[in-house]
Each structure stands twice: as structure tokens, then as C-alpha cells.
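To start, the structure under review is shown below, and the notes come after it.
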Protein chains: 2
Amino acid sequence: MAEQERPDVATAVQPTLVDVAVAAGVSRQTVSNVLHAPGRVRAETRERVEHFIAKLGYQPNRVAQDLRANASRMIGYRIRPLAPGALASIHDRFLHALAEAGRAADHHLLLFTADDGRAEAEAAARLRRSGGAAGFVLYDVTADDARPDALLGLGVPFVAFGRTAQGTDRYAWVDVDNPAGTAAAVDHLVHRGHRRIGYVGWPAGDTVGDRRAQGWQAAIERHGLTAECRSLDVRGEDSVTAGTQMAYALLARPEPPTAVVTATDTLAVGVLRAAQQWGLEVGRDIAVVGFDDTPTAAALDLSSVRQPIELVGRHVMSTLLDATSAVARPRPSASTAPSTERLLAPRLIIRSSSASPAPAHR
Amino acid sequence: MAEQERPDVATAVQPTLVDVAVAAGVSRQTVSNVLHAPGRVRAETRERVEHFIAKLGYQPNRVAQDLRANASRMIGYRIRPLAPGALASIHDRFLHALAEAGRAADHHLLLFTADDGRAEAEAAARLRRSGGAAGFVLYDVTADDARPDALLGLGVPFVAFGRTAQGTDRYAWVDVDNPAGTAAAVDHLVHRGHRRIGYVGWPAGDTVGDRRAQGWQAAIERHGLTAECRSLDVRGEDSVTAGTQMAYALLARPEPPTAVVTATDTLAVGVLRAAQQWGLEVGRDIAVVGFDDTPTAAALDLSSVRQPIELVGRHVMSTLLDATSAVARPRPSASTAPSTERLLAPRLIIRSSSASPAPAHR
DNA sequence: TTGTATGCGTTATCAA
DNA sequence: TTGATAACGCATACAA
């Protein structure tokens with residue numbers, strides 16, 4: 001008998017449980033048992049069935065399984081067009097991390113588009129009601145984000161990456177400890193001998209931006225550098241151009257910073273450009289630390305605070321799977337505790353833009 | 001009666017056809033008919049049914065529909081971790097374009113991960129056999145890519161973005177006219193008065209890289225600049241560092257180029273860095289044109305050749321939907337012709353890095 | 001240890 | 001114009 005005889009793929013209709021059953025000369029139930037309760041089946045029978053499962057290349061039909069279980073194994077995710085002006089985001093990494101995290105639990109990401117947060121919530125509710133997705137992941141949840149409340153109101157399961165300013169006890173979220181990131185940047189720079197450490201960030205009002213600014217400020221105070229750095233805090237929009245302009249403003253001060261911490265790599269690139277045009281060599285005359293560790297940072301040898309996105313993805317996914325499977329089949333209450341680790345620490349990646357000791361006091 | 005009475009979302013079990021039928025006092029078949037063959041239902045009945053559909057917020061269950069139709073409305077897509085070294089790719093844009101394109105046909109993207117092309121093909125076959133996805137999109141198909149043949153052999157429907165060196169008549173693909181892109185860059189530079197136009201690209205062997213090089217070369221010859229530019233063609237890996245080194249090599253020539261066309265934005269960034277460190281002002285002393293129009297290009301005011309990714313996404317998706325739905329239910333042969341437009345023209349985005357006239361002959 | 005019966009929500013067929 | 005029946009592929013409860 002020909003080993004590993006492959007069915008005619010051209011006209012291949014997927015074999016079903018029944019096909020396997022007929023081939024093995026058993027009832028379809030026995031085949032099902034072989035798959036789900038192998039202990040109940042006599043070894044001999046099991047082997048015969050398994051043989052034909054392999055031979056026919058049988059794969060259980062997910063659609064039928066999901067219908068039967070009344071539970072989709074899809075996690076909905078809204079993919080947005082790239083924000084103009086911003087450099088590469090870390091969005092790619094997050095998406096890959098999520099997909100990878102879902103893999104173990106045999107869940108897949110389902111991508112959908114929506115014009116805004118409101119439409120996103122509505123689309124999610126529709127998708128959920130139609131059984132297309134079991135739950136949703138919200139990316140980049142900001143201070144005044146309306147999506148959590150909207151989904152809460154619609155009874156749609158979700159987990160957020162990021163969090164709103166209010167009501168964070170009402171839904172599940174995972175976030176990165178942003179203050180810790182900028183604080184680590186300051187610590188590093190202080191350790192290198194810097195004392196005038198500027199901050200280039202977003203205007204107040206944005207949660208993430210505010211938290212990053214807080215981290216800088218707290219670390220500055222902790223190191224007793226408040227006086228030196230008080231006036232070195234500038235804010236503007238998140239673009240290279242704005243970063244350049246803000247850096248110019250700082251460099252024009254009578255006592256300019258010898259190091260700059262920025263809220264994003266995009267702003268950091270702006271600072272780099274300003275420094276170059278100002279005649280400063282980055283890494284020697286001035287130190288720069290960005291945030292996000294985008295590919296751009298690596299390419300430009302820019303030190304940057306890296307978010308543990310892969311970890312975030314895993315936490316988000318496991319939290320979500322806990323939530324959705326709890327609905328489907330309530331679990332014993334004292335089960336694997338959902339990870340309470342919801343605030344994840346970033347890590348500073350040191351590159352040449354900040355590796356050298358501080359320049360002599362000018 | 002309370003208008004728009006919303007069901008208790010907390011314990012909301014999705015209403016089914018039967019729920020609507022009971023509420024409206026008809027059989028479930030009539031409800032189905034209202035949705036799929038409204039003409040067959042008496043107006044009065046139809047309105048009553050529609051009323052309850054709205055009232056109960058009924059949404060047809062996609063899983064059940066798909067099982068019944070034996071056809072998933074999912075398109076599989078392998079998401080990879082970001083290639084190290086490369087700057088932001090245009091991958092985000094492509095993914096969004098695909099998702100958006102699928103929207104109209106009520107199809108969604110299903111993301112999965114795989115360690116390499118081989119694993120990708122296997123995962124796709126599994127997904128297909130299990131009814132999880134109807135077809136697949138292959139991203140970045142290169143010269144010696146094994147995926148098309150693998151999927152062909154497995155009988156898995158797919159459409160490629162990019163194409164192999166051989167056998168492109170055996171599968172459906174959509175590609176960008178890469179030579180046209182670099183040629184447009186050369187045309188633009190010649191028009192600005194440049195005569196020594198260098199090329200910084202990938203080593204031979206990569207389809208995309210070769211095609212971009214071809215476009216540069218052909219345009220150079222067409223403009224009668226072969227003698228001036230013959231030696232200004234350098235190749236290396238796709239990284240900022242390599243770009244910088246190659247640019248140095250060019251600038252060190254006795255007759256250095258006044259303009260440089262690169263195969264990618266990543267390389268262009270390297271060229272920009274080299275130019276700056278060489279003391280040249282980009283846009284004045286030297287012109288640079290990148291490829292891909294990544295966010296980085298926009299941020300750095302770098303001219304770049306933009307691929308019509310959104311269009312690619314639409315073509316890929318419509319081709320794929322044609323193919324898969326043809327399997328599900330063979331269509332009248334003389335239907336909407338599948339778009340034969342498979343080679344799409346890129347567009348040069350001119351920014352300050354190449355906007356100025358060529359510097360006086362040095 | 002194995003098999004029979006039932007239902008998940010939908011739609012196509014056909015009969016009333 | 002409407003409704004009863006069957007079937008998509010699977011898994012569970014239960015019977016043999």
C-alpha cells in the first residue's frame with residue numbers, strides 16, 4: 001500500500017468525521033472519542049482510527065466546532081491607518097505579539113476597520129453578536145477614550161492596552177509603566193554625569209504623555225536637580241518638526257541641557273536633527289534618549305525606552321481568554337489566578353546617543 | 001411601549017432566527033425569507049418580521065451561516081515579526097488596505113504566525129482544511145520564494161503580493177512596477193539638472209532589488225548618462241549602516257554623484273547621514289530619493305517613491321475573492337472580468353531632499 | 001468499549 | 001405566501 005497517499009488536492013473536499021469513521025469501520029462517535037476521550041477507546045480501535053485520521057488528513061472543522069460550542073475562537077482587533085506624521089509605531093510588534101500569544105490557545109486575530117472609536121465599538125458589538133469574535137483588544141487607550149465605556153455598555157468582552165483617566169477599575173487593562181521609563185532614562189543620564197536634563201514631550205492632557213513627563217520630573221526631583229532642570233521642560237505635538245523646534249528652543253537657553261529625554265522616538269529624531277544643525281555631535285556634545293525603541297531608533301543609534309510589547313501582548317491575550325472562556329463555561333473559582341501584573345516595566349536600551357559621559361560643564 | 005428597549009446586555013444571549021420567528025408569530029423560515037428573498041413575503045408579514053428583527057437586535061450568526069454554506073469568510077494572513085534593521089515597512093498600510101478591501105465583501109482578515117515560509121504554507125493548509133480561512137494573501141513574495149509552489153501543491157487558494165522569478169503564470173499575483181519607480185526618480189533628477197546620479201541598492205539576486213536597479217539603469221541609458229553614471233552603482237544589505245558606508249564610497253569618488261537614488265528608505269537614511277557627516281546639505285549640495293515612502297521619509301523630508309499599497313490591497317483582495325467564491329459556487333463565465341491590472345505603477349513623492357536644482361558642476 | 005440520538009443556527013428544497 | 005424538513009460537521013448525554 002502506498003505510504004502517505006495524498007488525496008487529490010485539486011478536487012479535495014475536506015474529509016469529515018464520518019469519512020474517517022467509514023474508512024475505519026466504526027461509528028463517527030468513536031472517532032470523536034478518539035480525539036476527545038482517547039481513554040474510552042480500546043487501543044486497537046484507537047490506533048486504527050488514528051491511522052485513518054492521518055491517512056485522510058482529517059482536520060476537525062473549526063466552524064462546526066465553534067457553532068457547536070457557541071463560541072468563536074476569534075479575537076477582534078481594529079486596525080487603523082497609520083497616523084500621519086508619526087514614525088513607525090510599535091504597532092507591528094504588538095499585533096505580532098498578540099497573534100503569537102493567541103496561538104497557544106488556538107485563537108486567531110480577526111482584523112476589522114472602523115472610522116473612529118465610536119464606529120469601532122459598534123463594529124465590535126456587531127461582530128460579537130454575530131458570533132464572529134469572542135472578545136476584543138483595544139489598542140492605545142487614552143485618557144478620555146470613549147471605547148471602554150461604550151463596550152462596557154454593550155456588554156462586549158474586551159481588554160485594553162492602555163487606560164483611561166477614570167474608571168479603570170471597571171474593565172481589564174494592561175499598561176506599560178511609562179513614568180518608570182522616563183525615570184530610568186534620567187537615572188541613566190545622571191549616572192553619566194549629566195545635570196541639566198531637558199524634556200521634550202507632548203502637551204498636557206494626554207495620559208501617556210503626562211505619565212512620561214511625570215517620570216522625568218519625579219526623577220529630576222529625586223536627584224535634586226529641580227533647579228537646574230525646571231525650565232528645560234518643553235511640550236508640543238508629536239512630530240519630527242515639532243521636536244526640532246522644541247530642541248532649538250532648549251539649545252538657545254543661556255544654560256542649555258546637556259541631555260534630553262523625549263516622549264517618543266519621533267520627537268527624539270527631531271532633537272537629533274536640531275543638534276546636528278546646531279553643530280553638536282550627538283553622543284559627545286549632547287545626549288538624547290527616545291521612547292518606544294522603534295526600528296528608527298535602532299537605525300539611528302538612538303538610546304530609547306523599550307516597551308515590553310511582547311509581554312503586554314501575552315498578558316492582554318491571557319486576560320481576554322480568561323474573560324471569554326469564563327463566560328462560555330464558568331470555571332472553578334480558585335483556578336489559575338488571572339495575572340494581576342497589569343502594569344509592566346519598560347527597559348532602557350542604551351545606544352551611542354547617550355553612552356558617553358556628560359560633556360564638561362559649559 | 002418603550003421605544004428602543006434594549007435587551008439585558010449583561011446576560012444577553014444572542015437572539016436567533018427562532019426568537020424572531022416566535023416574537024413575530026411566524027415560522028423561522030419566513031424570517032429567513034424576509035432576509036434573503038423579501039419578494040416572497042407578504043408586505044405586511046415582512047414589516048412585522050422586520051420590526052422584531054430590529055427590536056430584538058437580531059444579527060445572523062456568521063458561524064452558522066458559514067457552516068451551512070461550507071465557506072468561511074476569513075482570509076488568512078501570516079503576520080511576521082518585524083525584520084530587524086529595517087525601518088518601518090509599509091506593511092501596516094498593506095494590512096489596513098487589505099482589511100478595508102475585504103470589508104465591502106464582508107470578509108475579514110485572520111492573522112496567524114509561522115516561523116518561516118514552509119511553516120506558513122503548512123499552517124495555511126491546515127487553516128484551509130479546517131475551514132478557518134477561505135484563502136490566503138502572501139506578502140512580499142521574492143524571487144526564490146517557495147511559498148507559491150507549496151500552496152499550489154497543497155491546493156490552497158492564494159494571491160501573492162510580489163512574484164517569484166519563475167512560474168508566475170501558475171498563480172495569481174499583484175506587484176508594483178518597481179523599475180518604473182526608480183526610473184521616475186531618475187527622470188525627476190535629470191529634470192532638475194543632475195547628470196551624475198548614483199544608485200545605492202541591494203545586491204543582485206533579490207527580485208525587487210534587481211528590478212529597482214534595472215529601472216535606474218534603463219533610465220540612465222535613456223537619458224544618455226551611461227558614461228557618467230556607470231561607476232556610481234553600489235550594492236549592499238538593506239540597513240542604515242550599509243547605506244552610510246555605500247554613500248561614503250560614492251562620495252569619495254573623484255567625480256561623486258550629485259544625486260543618489262536608493263532602493264529603500266532605509267538605505268536613503270544611511271545616505272542622508274553620510275551626506276551630513278560629509279558636510280553636504282541634502283537638498284542643496286546633494287539630492288536623495290528613497291523608495292517606499294515610509295513615515296520616516298515623510299518625517300525627514302525625503303523624496304521617495306510611493307507604492308500604491310491601497311490599490312494593491314484592493315486588487316489582491318478582489319482577485320482572491322473571485323478565486324474563492326468561484327470554488328464555492330461557480331459563476332457565469334462571462335462575469336465581471338478579474339482585473340488584469342496586476343502590475344501597478346508607483347508614484348514619486350517629491351520633498352525637499354531632491355527639490356532643488358542640481359548644484360553647479362563640481 | 002462502542003453506538004444512537006439530538007441540537008447548535010442557518011438556508012435550500014419542496015410541499016402545502 | 002408560508003411552513004415543514006433536511007442538512008452543514010461536530011460534540012454531548014445517554015443507551016447498548
Side-chain angles (χ1 to χ4, degrees), chain A residues 12-50 52-53 56-73 106 127-132 134 327-329, chain B residues 12-50 52-53 56-73 106 127-132 134 327-329:
Chain A
V13 171
Q14 319 308 341
T16 72
L17 266 189
V18 178
D19 296 324
V20 176
V22 189
V26 297
S27 82
R28 74 175 177 215
Q29 212 38 36
T30 301
V31 180
S32 182
N33 283 336
V34 167
L35 294 169
H36 299 287
R40 316 195 123 189
V41 180
R42 188 158 42 111
E44 190 195 12
T45 312
R46 187 176 61 231
E47 281 163 19
R48 195 166 74 253
V49 169
E50 279 169 348
F52 283 101
I53 286 180
L56 296 180
Y58 167 76
Q59 294 267 115
N61 185 308
R62 296 178 69 91
V63 179
Q65 286 180 323
D66 286 355
L67 175 61
R68 171 67 227 234
N70 188 27
S72 159
R73 281 170 290 184
D106 198 22
L127 227 28
R128 157 88 176 157
R129 293 195 80 119
S130 66
V327 169
R329 45 192 143 81
Chain B
V13 172
Q14 317 309 340
T16 72
L17 268 188
V18 177
D19 295 324
V20 176
V22 194
V26 296
S27 82
R28 74 175 176 217
Q29 208 41 36
T30 300
V31 180
S32 181
N33 284 335
V34 167
L35 294 169
H36 300 286
R40 317 194 123 187
V41 180
R42 188 157 44 112
E44 192 194 11
T45 311
R46 187 175 60 231
E47 282 164 17
R48 194 167 74 254
V49 169
E50 281 167 346
F52 283 100
I53 285 179
L56 297 180
Y58 167 75
Q59 294 266 114
N61 184 310
R62 297 177 68 91
V63 179
Q65 286 181 324
D66 286 354
L67 174 62
R68 171 66 226 227
N70 188 27
S72 158
R73 280 170 291 185
D106 199 20
L127 228 27
R128 158 85 178 161
R129 293 194 82 118
S130 66
V327 170
R329 43 192 143 81

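Throughout, a chain's letter reflects where its sequence line sits, starting with A, and its residues are numbered from 1. Note that the structure is predicted; figures quoted are calculated from it, not measured.
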Any donor-acceptor pair under 3.5 Å linking the side-chain atoms of B:Arg73 with those of B:Gln65? yes

Working note: B:Ser130 + A:Asn61, criterion side-chain contact (heavy atoms from CB on, under 4.5 Å); need CA distance, chi angles, decisive distance, verdict. CA-CA 4 Å; B:Ser130 66; A:Asn61 185 308; over 6 Å; no

Give A:Val26 one of three labels, base, sugar-phosphate or nothing, depending on what nucleic acid heavy atoms sit under 4.0 Å from its own. sugar-phosphate

Between A:Ile53 and A:Leu35, is any pair of side-chain heavy atoms under 4.5 Å apart? yes

Using the 3.5 Å cut-off, write out each protein N or O paired with an N or O of nucleotides 10-13 of chain D and the distance between them.
from, atom 1, to, atom 2, distance (Å)
D:dC10, OP1, A:Tyr58, OH, 2.6
D:dC10, OP1, A:Asn61, N, 3.0
D:dC10, OP2, A:Leu17, N, 2.7
D:dA11, OP1, A:His36, NE2, 3.1
D:dA11, OP1, A:Gln65, NE2, 2.7
D:dA11, OP2, A:His36, NE2, 2.9
D:dA11, N6, A:Arg28, NH2, 3.1
D:dA11, N3, A:Arg68, NH1, 2.3
D:dT12, O4, A:Gln29, OE1, 2.8
D:dT12, O4, A:Gln29, NE2, 2.3

Got a sec, which residues hit side-chain hydrogen bond (donor to acceptor under 3.5 Å, both in side chains) with B:Glu50, two or more places apart in sequence or on another chain? none

Scan nucleotides 14-16 of chain D against the protein and return all N/O pairs shorter than 3.5 Å with their distances rounded to 0.1 Å.
none

So which atom in B:Leu67 and which in A:Leu67 form the shortest heavy-atom distance, rounded to 0.1 Å? CD2-CD2, 3.1 Å

Are side-chain heavy atoms of B:Val20 and B:Arg28 found at a separation under 4.5 Å? no

Can you find a heavy atom in the side chain of A:Val26 that is under 4.5 Å from one in the side chain of A:Val31? yes

To the nearest Å, give me how far apart CG (A:Leu67) and P (D:dC8) are. 14 Å

Is A:Thr30 close enough to C:dG3 that one of its side-chain N or O atoms is under 4.0 Å from OP1 or OP2 there? yes

Validation row: A:Arg46, A:Asn33 side chains within 4.5 angstrom (heavy atoms): no

Side-chain contact, heavy-atom cut-off 4.5 Å: A:Leu17 with A:Gln29? no

Report the residues that fulfil salt bridge (Lys or Arg N to Asp or Glu O under 4.0 Å) with B:Arg42, sequence neighbours left out, ordered by chain and then residue number. B:Glu44

For the pair made of CG in B:Asp19 and C1' in C:dG7, what is the distance, rounded to whole Å? 15 Å

Counting only side-chain N and O atoms of A:Thr45, is one of them less than 4.0 Å from OP1 or OP2 of C:dT2? yes

Length of the line joining B:Arg48:CZ and D:dT1:C1', which is rounded to integer Å: 13 Å

Per-helix bend value, the helix from C:dT1-D:dA16 to C:dA16-D:dT1, C1' rotation axes over five pairs per end, 10° rounding, shows 50°

Let me know the distance between CZ of B:Arg73 and C1' of C:dT10, rounded to the nearest Å. 11 Å

Quick one: side-chain contact (heavy atoms from CB on, under 4.5 Å) partners of A:Arg68, sequence neighbours excluded? none

Look at B:Ser27 and D:dA4 and indicate whether a side-chain polar atom (N or O) is within less than 4.0 Å of OP1 or OP2. no

